[in-house]
Amino acid sequence: QVQLVESGGGLVQAGGSLRLSCAASGRTFSNYAMAWFRQAPGKEREFVATIRWSGTTTYYADSVKGRFTMSRDNAKNTVYLQMNSLKPEDTAIYYCAINLKGTHLRLGAEYSYWGQGTQVTVSS
């Protein structure tokens, strides 16, 4: 069974930075695309970023493009989300997820396993 464990969330002032990590176990992690999604209070879950198995291709939501960078280390079974120039509207619970099919990488429904989430709070 796949397990995903996020870490690195916290409280930061606007303009600051955080680096989220997601450690995976239970499958050959390097074969699959991974993604970060987030959910703010009272809002639907939304796509943030995704990375293909090779790590050479990434896609970002327009709201985070240029500020967030997703990367992966297949040797460590870990993906990262470097978040810079944080804004109060980035406040949410951030989840990592694994896509076993390799398709529709921006759609949460395509992801088979999810972590428990890590809280990111950006104060103004």
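Only a predicted model underlies this, so the values are computations on that prediction, with no experimental measurement involved.
Under a 3.5 Å cut-off, the side chain of Gln39 and the backbone N or O of Glu44 do not form any donor-acceptor pair. The closest donor-acceptor contact from the side chain of Arg72 to the backbone of Ser54 lies at 3.5 Å or more, if one exists at all. Put simply, the side chain of Asp73 never gets that close to the backbone of Asn77: no donor and acceptor are under 3.5 Å apart. Under the 3.5 Å distance criterion, the side-chain polar atoms of Thr91 are matched with a main-chain donor or acceptor of Val122.
Here Tyr80 pairs with nothing under the side-chain hydrogen bond (donor to acceptor under 3.5 Å, both in side chains) rule; sequence neighbours left out. Taking the salt bridge (charged side-chain N to carboxylate O under 4.0 Å, His left out) definition, one finds that Lys65 meets it with Asp62, sequence neighbours left out. Residues satisfying the side-chain contact (heavy atoms from CB on, under 4.5 Å) criterion with Ala23, sequence neighbours excluded, are Thr78. Partners of Ser63 according to the side-chain contact (heavy atoms from CB on, under 4.5 Å) rule, which considers only residues two or more places apart in sequence or in another chain, are Arg38, Ala61. With sequence neighbours left out, Ser123 forms a side-chain contact (heavy atoms from CB on, under 4.5 Å) with Leu11, Gln13.
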Step by step, work out the side-chain contact (heavy atoms from CB on, under 4.5 Å) result for Trp36 and Leu81. CA-CA 8 Å; Trp36 289 96; Leu81 186 67; 3.5 Å; yes

Output, in order, the C-alpha distance, side-chain angles, deciding distance and verdict of side-chain contact (heavy atoms from CB on, under 4.5 Å) for Leu18 and Val120. CA-CA 9 Å; Leu18 283 174; Val120 171; 3.9 Å; yes

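Hydrophobic cluster of Tyr111: the remaining members, joined at side-chain heavy-atom separations below 4.5 Å, are Phe37, Phe47, Tyr59, Ile93, Tyr95, Leu105, Trp114, listed by chain and number.
Taken to the nearest 0.5 Å, the CD atom of Gln82 stands 5.5 Å off from the OG atom of Ser17. Distance check: Leu20 CG to Met83 CE gives 3.5 Å after rounding to the nearest 0.5 Å. Rounding to the nearest 0.5 Å gives a distance of 9.5 Å between CG of Asn74 and CE of Met34.
Tracing side-chain contacts under 4.5 Å through hydrophobic residues (I, L, V, M, F, W, Y), one never reaches Leu107 starting from Tyr32; they form parts of separate clusters.
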